[in-house]
Amino acid sequence: TNVITAAESGSTFFLASATEFVSTLPAVAAGLRFSFVVTAAPSGANYTIVTDASANVIKGQVYTVDVNSATDPDFETAGGDTISFVDAKAVAGDRVDVVCDGTNWFAYGFCSVFDAITITAT
């Protein structure tokens, strides 16, 4: 588990663990921003990024080059609490950037395979 602090704002976290883990965002505060980049594809579990206290304050979009007529890019406008780099789908180079306005986290994800990054409410 990686509990991120506000003092780490501006950091890029490279996800390359042999055992996938959870990264917990700090409490919302205007101007906080973080980037997450997969450098070793998840195998056996998801890498996840979660809000503190399970607040549903993540909004944003996931863009992929693997969109077809049967599917659309993932997006979350109501608010989620978990971003997942999905096991057996996410690959090295997939990325999520999050920025906070003091109320919500806004997430922008980029992946090679459809649904390799998801934003959900649990």
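Heavy atoms only: backbone and side chains are in, while hydrogens, waters and symmetry mates are out.
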Subject >> Worked check of side chain to side chain contact (heavy atoms under 4.5 Å, CB included) between Trp105 and Ile49 >> reply: CA-CA 11 Å; Trp105 289 102; Ile49 304 161; over 6 Å; no
Might you point out which heavy atoms bring [X] and [Y] nearest each other, and give the distance in Å?
| X | Y | value |
| --- | --- | --- |
| Asn56 | Ala121 | OD1-CB, 3.7 Å |
| Lys59 | Ala78 | CE-O, 3.9 Å |
| Asp115 | Thr118 | OD1-CG2, 3.7 Å |
| Ser9 | Gly31 | OG-O, 3.8 Å |
| Ala40 | Tyr47 | O-OH, 3.0 Å |

Side chain proximity check, [X] to [Y], heavy atoms < 4.5 angstrom:
| X | Y | result |
| --- | --- | --- |
| Phe13 | Glu8 | yes |
| Phe36 | Arg95 | no |
| Val96 | Phe85 | yes |
| Thr1 | Val3 | yes |
| Asn2 | Val22 | no |
| Pro26 | Thr5 | no |

Subject >> Set of side-chain hydrogen bond (donor to acceptor under 3.5 Å, both in side chains) partners for Thr12, sequence neighbours left out >> reply: none
**OP:** Quick one: list whatever passes side-chain hydrogen bond (donor to acceptor under 3.5 Å, both in side chains) with Asn104, sequence neighbours left out.
**Re:** none
Can you get from [X] to [Y] by hopping between Ile, Leu, Val, Met, Phe, Trp and Tyr side chains that sit under 4.5 Å apart?
| X | Y | answer |
| --- | --- | --- |
| Leu25 | Val50 | no |
| Val86 | Phe21 | no |
| Val113 | Tyr108 | no |
| Phe34 | Phe14 | no |

Measure the spacing between [atom1] of [X] and [atom2] of [Y] and express it to the nearest 0.5 Å.
| X | Y | atom1 | atom2 | result |
| --- | --- | --- | --- | --- |
| Phe106 | Cys100 | CZ | SG | 8.0 Å |
| Thr24 | Ile4 | OG1 | CD1 | 7.5 Å |
| Thr64 | Phe114 | OG1 | CZ | 8.0 Å |
| Ser35 | Asp97 | OG | CG | 3.5 Å |
| Asn46 | Thr82 | CG | OG1 | 10.0 Å |
| Ile117 | Lys89 | CD1 | NZ | 12.0 Å |

With a 3.5 Å distance limit and no angle check, can you tell me whether [X] reaches the backbone of [Y] through a side-chain donor-acceptor pair?
| X | Y | result |
| --- | --- | --- |
| Ser17 | Thr19 | yes |
| Glu20 | Ser43 | yes |
| Asp87 | Gly44 | yes |

**OP:** Please lay out, stage by stage, how Val57 and Val28 fare under the test side chain to side chain contact (heavy atoms under 4.5 Å, CB included).
**Re:** CA-CA 9 Å; Val57 293; Val28 293; 4.1 Å; yes
Original post:
side chain to side chain contact (heavy atoms under 4.5 Å, CB included) with Val98: which of Ile83, Ile58, Leu32, Thr51?
Top reply: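 So, applying the side chain to side chain contact (heavy atoms under 4.5 Å, CB included) to Val98 and each of Ile83, Ile58, Leu32, Thr51, only Ile83 qualifies.
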Original post:
Is there a side chain to side chain contact (heavy atoms under 4.5 Å, CB included) between Val37 and Leu15 once you walk through the steps?
Top reply: CA-CA 6 Å; Val37 178; Leu15 308 176; over 6 Å; no
Subject >> Full working for side chain to side chain contact (heavy atoms under 4.5 Å, CB included) between Cys111 and Val62 >> reply: CA-CA 7 Å; Cys111 56; Val62 178; 3.7 Å; yes
**OP:** Ignoring hydrogens and angles, state whether a donor on the side chain of Thr122 or Asp81 is under 3.5 Å from an acceptor on the partner side chain.
**Re:** yes
Original post:
Parallel, tilted or perpendicular: which fits the ring planes of Tyr63 and Phe110, with parallel below 30° and perpendicular above 60°?
Top reply: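 Tyr63 and Phe110: parallel rings.
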